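Structure first, then comments.
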Amino acid sequence: METVAGRTPSLIDEPPELDLAAATELLRSRYGIAADLRMLRSERDRNFLAVTTDGRELVLKISNTGDDAAQIAMESAAMRHVAQTDPGLPIPRLLPALDGSSVVLAEAADGRRHLTRLMTVMPGQVGDLVRLPSWFAASFGTLCARLVKALQGFGDPAAHRRLDWDPRVVSSLRPYADRLPDARRRAPMHRLLDRFESLPEATRRLPGFVLHADVTLSNVLLGADGIDGVIDFGDMHHTARVADLAISLTSLLRESSDPWPAAREFLDAYQRVLPLEPEEVELIGELVLARCAASTLISAWRAPLYPGNEEYLTSLVAGSWHVLDLWADLAPEDLAARFHRICGTSRATGPATPDPTLLARRDATFGGRTLSPLFYREPLQVVRAEGAWIEGADGRRYLDAYNNVPVVGHAHPAVVQALARQAGVLNVNSRYLHPHAIELAERLTASMPDGLDTCVFMNSGSEANDLAWRMARIVTGRSGVLAADLAYHGVSEATAAFSTNTYPPSARPAQVGTFEAPRVDGEGRQPTGADARQRVRAGREQLRGHDVALLAVDSVFSSAGILTPTGEFMRGLQDEVRAAGGLFLADEVQAGFGRGGRNLWRFADYGLTPDFVTLGKPMGNGHPVAALITRREIAEQFADVDEFFSTFGGNPVSCVAANTVLDVIEESGLVARSGAIGAQLAAGLAELAPSLHDGVRVRGQGLMVGVDIPSEAGITAVELAERLREHGVLVGTTGPGGQVLKIRPPLIWQTREVEIFLGAFAAALV
């Protein structure tokens, strides 16, 4: 970008010399319009307000000779473009001359010929001539963003020009720093201009378009309760979007005793229309200061040249110094940090380098690592993730083979888009009607066996299991629950009681009984349906003063070591508990959403028809959302004596996330992919397992795989997980004593990820 000051032609050439009489005759002869004219304020053009004999108000604009025909044509084309892309934006409309042209030539008294246009007048009062109402900052932000959005897609070769008013090139105005009327201001201005030398390069890669670049208070017209007009496209050029924003924001802040509240209102409204990139927000403060500096320097240059127009040419100086005095002494990083907080971009990515204080700060506020443990001996600080990969603060990328919450991959663009757009429109509790929740409930119940027709939303699998327990107690009139040994079903008081992996058998509450998980015996024998029924009966005998209301089963027995029972065994559990008068819960919080590779829900693999199905974890791909599916008669019996409400359960943002997850699973065929890729993974692990120990067993189905490592192997699952982390792969551990390696990746894995994982696994065994 050229950076020589004083090169904007219309700031060099003299304004047009057309008086009222000449302008009146021009309007009559070329446009056939008789009118009374009066001159309007302008820095470099001649503008006249024309009131016609029939009462219409028009503006006759006589352009500076520094504005060439291509630029005028660009402005005219841009106005027509905006009128088409956003007809509601209040901009003037061009009127044709008698010969049909939208631009005519007018000769001034000094012999120069000027490009001339006639356009409609927008109603309202000029913004810098009135006291700004309380609503203005927000309306101004909305208007500015709408105009930027309307101009996207507009292009013109004439837009690639240099303007002295452009805040990106303010350092080129350095020669005028020594002309500032207050000599005390000159040295600080030079230091400030040094700071702005980097702006052209810093803005080069930011979003840029052909933009108005002068939506300022002098170019907006205010009505009683809104902005009625935007005028003067004369500064249009290709510029960074954030530079255009800074020009408008600066004009607002000059009028604000405390700029920060006005900046917040403006930017809040702007981002409702056009969210900003963090890299743009980083430069807002610098560009505002640069625009203020440009105002003072151009005034110091031009006011002495045109003493008759001094009041107009110095009208921005006081406000510009006001902002400069408040912000210029702030370090650029401090100014940027304030704007990031306002715009919500300060925490978008997290620190790019490891923070050595985080662990101590976490321990001090989280109750230490005993209460809330971390993974790995050296905890991993993460900063971002995409697809199947997580990036650490050290810049290293790790293949994610553990986190099932991002079921369709970390930061999936469709889910992110859905979340962001809905969050920008509405989020409210489910006691109002909204289609996202209803659509999600319809889709979930349609995927269930007949009879499971009622859906209740909440925020987590724990809450879903807790509600199932409450319903079961009311419906059966009983208070006992059965769960597998080493089961996990949640963190509420009720669900923690039947999460039997969290406490020793001696601490089991009286209302909780357990049944043995379906482990293969030493001879390779799978437990049968008869075994299941006997285990339910034995569990009932453990209940002290209670009888069974509910049997809860995690469909993959994750905490018991990732087991793959037969359908006969699972149906035995279901049938026996029903015969005993209890209800059956299929906990799909870990197993669901296609992880098993055959059906959307793992219980369907076994031919089950549960009384309750609970969903959670991956349901929103990281956004908290969960659901309980049950039968209408169960819900009605519960509702006779109680009701359920969750403030956030079923909110539009959560439901749009969950609907989008279902969309991605369906569109990408992730259920079938989970089965195929899971088979590749299990086969590869089975081939490598003997090199670790003959007793290693690979279990699982789809993309839920366990590697059971016996104590004789000479390495624990925990140690192997540490080694895999060193080789760039993240896994977990589970099962009795934590001896099972838990592999539970996002369902978007393909053969490439399997190969990377198996390579790391082989390397970790060495």
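All of these numbers come straight from a predicted model, not from anything done at the bench.
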Look at the side chain of Arg291 and the backbone N and O of Trp165, then say whether any donor-acceptor pair between them is shorter than 3.5 Å.
yes

Answer yes or no: does atom CD of Glu197 have more than 12 heavy-atom neighbours from other residues, nucleotides or ligands under 6.0 Å?
yes

Working for side chain to side chain donor-acceptor pair (under 3.5 Å), residues Arg162 and Ser172:
CA-CA 11 Å; Arg162 183 196 179 285; Ser172 68; 2.5 Å; yes

Is a side-chain donor or acceptor of Thr250 paired with a backbone partner of Ala246 at a separation under 3.5 angstrom?
yes

Among Leu192, Leu193, Ile298, which one satisfies side chain to side chain contact (heavy atoms under 4.5 Å, CB included) with Val170?
Leu193

Is there a side-chain contact between Trp321 and Leu180 in this structure, where contact means two heavy atoms from C-beta onward sitting under 4.5 Å apart?
yes

Does some side-chain heavy atom of Val288 sit less than 4.5 Å from a side-chain heavy atom of Leu335?
no

Donor-acceptor contact present, side-chain Ser299 to main-chain Leu313, <3.5 Å:
yes

Are any of the side-chain heavy atoms of Asp235 and Ile247 separated by less than 4.5 Å?
no

Looking at Lys61 and Asp45, is any side-chain nitrogen of the basic one under 4.0 Å from a carboxylate oxygen of the acidic one?
yes

Worked check of side-chain contact (heavy atoms from CB on, under 4.5 Å) between Val661 and Met619:
CA-CA 7 Å; Val661 167; Met619 189 170 173; over 6 Å; no

Where Glu277 and Pro207 come nearest, the two heavy atoms and their spacing:
CG-CG, 4.4 Å

Test item: Tyr270 and Thr142 side chains (from C-beta on) under 4.5 Å apart, heavy atoms:
no

Apply side-chain contact (heavy atoms from CB on, under 4.5 Å) to the pair Leu147 and Val215, showing each step before the final yes or no.
CA-CA 9 Å; Leu147 187 53; Val215 184; 3.6 Å; yes

Looking at Arg397 and Gly395, would you say the former's side chain and the latter's main chain have a donor-acceptor pair under 3.5 Å?
no

Quick check: Phe140 with Phe266 (ring centres under 6.0 Å apart)?
yes

For the pair Trp301 and Tyr176, name the ring-plane relationship: parallel under 30°, tilted 30 to 60°, perpendicular over 60°.
parallel

Assess whether a salt bridge exists between Arg254 and Asp128, defined as any Lys/Arg side-chain N lying under 4.0 Å from an Asp/Glu carboxylate O.
no

Between Trp135 and Leu222, is any pair of side-chain heavy atoms under 4.5 Å apart?
yes

Can Arg264 and Asp258 be counted as an ion pair, charged N to O under 4.0 angstrom?
no

Set out, in order, the CA-CA distance, both residues' side-chain angles and the distance that settles side-chain contact (heavy atoms from CB on, under 4.5 Å) for Leu419 and Asn621, then state yes or no.
CA-CA 11 Å; Leu419 280 168; Asn621 209 53; over 6 Å; no

Are there more than 12 heavy atoms of other residues, nucleotides or ligands under 6.0 Å from atom CZ of Arg184?
no

Looking only at heavy atoms, the pair that brings Phe196 and Ala293 closest together is CE1-CB, 4.2 Å

Approximate separation, where rounding is to 0.5 Å, of Leu211 CG and Phe233 CZ
11.0 Å

Interatomic distance, CD@Gln125 vs CG@Asp228, rounded to 0.5 Å, equals 10.0 Å

So which atom in Cys292 and which in Leu324 form the shortest heavy-atom distance, rounded to 0.1 Å?
CB-CG, 3.8 Å

What I want to find out is whether Asp194 reaches Arg174 closely enough, with some N-O distance under 4.0 Å, to be called a salt bridge.
yes

CZ of Phe648: more than 12 outside heavy atoms within 6.0 angstrom?
no

Any side-chain heavy-atom pair of Glu265 and Asp268 under 4.5 Å
no

Can we say Glu75 and Arg117 salt-bridge, meaning some charged N sits less than 4.0 Å from an Asp/Glu carboxylate O?
yes

Taking Asn427 for its side chain and Val653 for its backbone only, find out whether a donor-acceptor pair lies under 3.5 Å.
yes

With side chain to side chain donor-acceptor pair (under 3.5 Å) as the test, would you mind laying out the steps for Asn651 and His434 before giving the verdict?
CA-CA 8 Å; Asn651 71 77; His434 195 277; over 6 Å; no

Take atom CZ in Arg396; do more than 12 heavy atoms of anything else shown fall under 6.0 Å from it?
yes

Closest non-hydrogen atom pair, Ala177 against Arg186
O-CG, 3.1 Å

Distance in Å, Ser139 OG paired with Leu132 CG, rounded so as to fall on 0.5 Å steps:
11.0 Å

Taking every heavy atom of Gly620 against every heavy atom of Ala657, the minimum-distance pair comes out as O-CB, 4.0 Å

Shortest non-hydrogen pair, Leu217 vs Ser251, comes out as CD1-O, 3.3 Å

Drop me the distance from His237's NE2 to Gln71's CD, to the nearest 0.5 angstrom.
11.0 Å

Sub-3.5 Å donor-acceptor pair from the side chain of Arg272 to the main-chain atoms of Gly141, do we have one?
no

Working to the nearest 0.5 angstrom, can you tell me the gap between Met236 CE and Asp214 CG?
11.5 Å

Are any side-chain N or O atoms of Glu286 and backbone N or O atoms of Pro332, one a donor and one an acceptor, separated by less than 3.5 Å?
no

Before you tell me yes or no, could you show the steps for His340 and Val281 under side-chain contact (heavy atoms from CB on, under 4.5 Å), namely the whole-Å CA-CA distance, both residues' side-chain angles and the distance that decides it to 0.1 Å?
CA-CA 6 Å; His340 278 304; Val281 176; 3.5 Å; yes

Taking everything shown except Glu667 itself, do over 12 heavy atoms lie less than 6.0 Å from its CD?
no

Per the side chain to side chain contact (heavy atoms under 4.5 Å, CB included) rule, which among Val220, Leu143, Ile231, Leu221 passes with Pro90?
Leu143

Test item: Thr85 side-chain N/O and Ala150 main-chain N/O as donor-acceptor pair under 3.5 Å:
yes

So do the side chains of Asn47 and Asp232 get within less than 4.5 Å of each other, counting heavy atoms only?
no

Nearest-0.5 Å distance that lies between atom CD1 in Ile342 and atom CZ in Arg338
5.5 Å

Is any side-chain heavy atom of Asp86 closer than 4.5 Å to one of Lys149?
no

Side chains of His114 and Ser63: any donor to acceptor distance under 3.5 Å?
no

Using the ring of each side chain (for Trp, its six-membered ring), is His238 parallel, tilted or perpendicular to His160, with breaks at 30° and 60°?
parallel

Exam field: side chain His412 to backbone Pro406, donor-acceptor pair closer than 3.5 Å:
no

Arg191 vs Asp329, salt bridge (Lys or Arg N to Asp or Glu O under 4.0 Å): CA-CA, chis, key distance, verdict:
CA-CA 11 Å; Arg191 291 193 294 272; Asp329 289 337; over 6 Å; no

Main chain of Thr239, side chain of Asp244: is a donor-acceptor contact present, judged purely on distance under 3.5 Å?
no

